[in-house]
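Structure first, commentary second.
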Amino acid sequence: MAIQQLLGDLSWPANLGIFACIPFIYVACKILYRLSSLHPLAGIPGPLIARITDLPLVWHAYIGDEAQYVHDLHLKYGPVVRIGTESVDFIDPGVIHPIYSHKGGFPKAKYYYNFDIDGHATIFSLTDPAARGARAKAILPMFSIANIRKGSKPFTDSTERFLAGLRERRASGSANVLECARQMSIEAVTEYLFGIRYGSSSDANDSEVQLAKGTTGKPKLSASAVVDNFISTGRLWYLPPWLYDLADRLDALIFPNPSIKVSTDIVNEYVDRVLAAAQAESERTKDKSAWNTYPCRLLLAGFSPSEVHAQCKDVIFAATDTIGLTLGTLVFLLVKHPDVYDTLRAEVSSATIAKSEDIQQLPYLGGVVREAVRLTGANPCRLPREVTAGGWQYGGRFYPAGTVVSASLTEMHYSEDIYADAHAFKPERWANATDEMNKCIMAFGLGARQCVARAMSLWELFNITYDLVREDTLKGSRVAQDHIELYTTFNSKVKSGAIDIVWPRD
Ligand code: HEM
């Protein structure tokens, strides 16, 4: 009443002034609370700014050095750092089980919503475990190692094309192995999962469909621009979805890239074709046990054609750059380290391989693949999870519900405490791997939400490396750059867009 009377006594401009001040008062109170000892994360070391606002995190993700930013904070403040108002990052093998594995781990943090596709939450972006589970159940059998072995032809065919492509480029003196590996990955995965290889067409030349002119004038995989665009979601993903959309539009307006539109159309047309074939298949045969492709399985499980379209695109995005970058880096490391290459070649040349699974038993090859996976960091930053109702007690501290907790790949994989001489490429370290080394490899994620295609990807990496080294295509090659420079947000991106190797002509 007193306030009402006071307001009533004031002139209307004074009233307006008071109302205009309310948001500022609200923000000021919020900042004071965040800075005070009343905030539940008050005792956690970190920069003052991170207690007030998430803007530094948003900024470093946007400019592509989030991994370096988080690393610098750990160097300064120790293994447990408050990196944002509600966010804490750990370098501690002990957090892996409670955050990612125990009872399915904490759910994915809200930022994953920004990875939705065409208005649909995907198997990757869903934060609700039950909704994700219903979709994953339909497709997971396709990723079992037994089924991959049974249906391995798309993989062996794409490996053969990858090797043929490298031989061709060797003749010309240089190869961008990143682009070759991306192409190999998208072909293998789409043919295996969708039954129609990306880029294949009955009425057009494969290479016309697959390759669009890159900006340098060199042919570039036609899906590259749309894949790059999708993985760059991580640059803005800390924004709330409405602001994300706005920022994304503004970004496209300020930095227009016409090749994204061309590439998006090509990929959409391809996925339309995949979906139409799956729908025709479901019409043709009512025998549901014969429905064996990824889209058929999702349709069978009751999901709408428009969602299945989005789920297919999600897989293309998830597969192309991750395998592309990992395989590209692996080849780069082998070329850069001739001693490792020679040891591997000796093992591969003398091996007796009766069946393809024997390849994964080769110990030095195993070390090479694990070491390349460790050093690549296709997802180099944190995999954030949100503490659920009831909070989480860990290391003598209480983290209330809503706290975003994480471990970051770059911190774990480059920790000197876990991997001595962590920056070096040392396949032999895996001959006597400690439990901690095995536990802290998080390239494929961890726990219940780890990569559905982990076994498939490793299977490909082992087989391709084996064939590549056996036929000695890399003989005489050199790296064209000393190291691979990356933008680091949720997904890594090679700054130059290429991992080049050359075969010098003497
Ligand atoms: C070297 C290759 C690959 C790497 C390094 C990789 C990495 C990852 C990582 C780190 C995650 C977990 C992300 C998180 O927790 O936030 C993930 C999830 C996922 N990946 Fe991969 N991935 C690879 C290949 C693939 C391929 C080939 C496919 C599809 C054919 C794929 C499909 C997925 C999907 C659908 C998820 C979401 C799983 C879920 O949340 O339930 N990935 N991947």
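Every number for a ligand or one of its atoms is a count from 1 in the order of the listing. For reference, positions follow the sequence shown, starting with 1. This one's a predicted model, so the numbers in the text were calculated from it and none came from an experiment.
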| request: Please state which part of A319 comes within less than 4.0 Å of ligand 1, counting heavy atoms only: side chain, backbone, both or neither. | output: both

| note | Looking only at protein heavy atoms, what sits closest to atom 1 (C) of ligand 1 is T326 OG1, 3.5 Å

| Under 4.0 Å to a heavy atom of V315 - the qualifying atoms of ligand 1, by number | 29 (C), 30 (C)

| note | Checking heavy-atom distances from atom 32 (C) of ligand 1 to each of P129, A318, G324, A109, the winner is A318

| Salt-bridge criterion met for D467 and R470 (N-O under 4.0 Å) | no

| message | Using heavy atoms and a 4.0 Å limit, tell me yes or no: is K108 in contact with ligand 1? | response | yes

| query | Closest heavy-atom contact between Y111 and P384? | reply | CD1-CG, 4.1 Å

| field | Residue and atom name of the nearest protein heavy atom (relative to atom 28 (C) of ligand 1), distance in Å to one decimal | value | A453 CB, 3.4 Å

| task | Please report which non-hydrogen protein atom sits nearest to atom 40 (O) of ligand 1, along with the residue it belongs to and the distance in Å to one decimal place. | result | R449 NE, 2.9 Å

| said: Suppose I only count heavy atoms of R385 and a 4.0 Å limit; which atoms of ligand 1 are within that range? | reply: 14 (C), 15 (O), 16 (O)

| query | What's the shortest heavy-atom distance between F490 and G234, and which atoms? | reply | CB-CA, 4.1 Å

| field | For atom 41 (O) of ligand 1, closest protein heavy-atom neighbour | value | R132 NE, 2.7 Å

| note | Of all heavy-atom pairs linking V452 and F143, the shortest is O-CB, 3.3 Å

| Which of the atoms of ligand 1 are close to L383, meaning less than 4.0 Å from one of its heavy atoms? | 14 (C), 15 (O), 16 (O)

| query | Heavy atom under 4.0 Å from ligand 1: found in R382's side chain, backbone, both, or neither? | reply | neither

| task | Have a look at L468 and tell me which of V331, L344, T159 forms a side-chain contact (heavy atoms from CB on, under 4.5 Å) with it. | result | V331

| field | Salt-bridge contact D251-R235 (side-chain N to carboxylate O under 4.0 Å) | value | yes

| Taking the six-membered ring for Trp, is the centroid-to-centroid distance between Y399 and Y394 below 6.0 Å? | no

| said: Nearest non-hydrogen contact with atom 42 (N) of ligand 1 belongs to which option: G447, G105, A372, C451? | reply: C451

| task | Let me see the working for R167 and E160 under salt bridge (Lys or Arg N to Asp or Glu O under 4.0 Å), right down to the final yes or no. | result | CA-CA 11 Å; R167 284 193 295 270; E160 189 37 58; 3.2 Å; yes

| task | May I ask you to identify the nearest protein heavy atom to atom 11 (C) of ligand 1, giving residue, atom name and distance to one decimal place in Å? | result | F444 O, 3.9 Å

| task | Considering non-hydrogen atoms only, spot the tightest contact between R429 and A420 and give its length. | result | NH1-O, 2.7 Å

| With backbone taken as N, CA, C and O and side chain as the heavy atoms from C-beta onward, which portion of F490 lies under 4.0 Å from ligand 1: side chain, backbone, both, or neither? | side chain

| query | Heavy-atom distance under 4.5 Å between the side chains of Q311 and I123, does that happen here? | reply | yes

| request: Considering only non-hydrogen protein atoms, determine which one is nearest to atom 3 (C) of ligand 1 and report residue, atom name and distance to 0.1 Å. | output: T322 CB, 3.3 Å

| Hey, is V189 touching ligand 1 through its side chain, its backbone, both or neither, going by heavy atoms under 4.0 Å? | side chain

| field | Top protein contact for atom 14 (C) of ligand 1, by heavy-atom distance | value | Y112 OH, 3.4 Å

| message | Geometry only, no angles: is Q450 polar-contacting ligand 1 at N/O separations under 3.5 Å? | response | no

| remark: Within 4.0 Å of some non-hydrogen atom of N379, the atoms of ligand 1 are 7 (C), 8 (C), 9 (C), 10 (C)

| field | Option with minimal heavy-atom separation from atom 33 (C) of ligand 1, where the choices are L446, V452, I316 | value | V452

| field | For the student: nearest non-hydrogen atoms of V88 and L41, plus distance | value | CG2-CD1, 4.2 Å

| query | Does some non-hydrogen atom of A443 fall short of 4.0 Å from ligand 1? | reply | yes

| query | Would you say R135 touches ligand 1, if touching means a heavy atom closer than 4.0 Å? | reply | no

| message | Taking 4.0 Å as the limit for heavy-atom contacts, which would you say applies to S457 with ligand 1: side chain only, backbone only, both, or neither? | response | side chain

| query | Hey, is R182 close enough to D228 for a salt bridge, meaning N to O under 4.0 Å? | reply | yes

| Looking only at heavy atoms, what is the nearest atom pair of P427 and Y364, with distance? | CG-OH, 3.8 Å

| query | If hydrogens are left out, which of F124, F143, F115 has an atom nearest to atom 13 (C) of ligand 1, that is, the closest non-hydrogen atom? | reply | F124

| Does D157 pair with K153 as a salt bridge, N-O distance under 4.0 Å? | yes

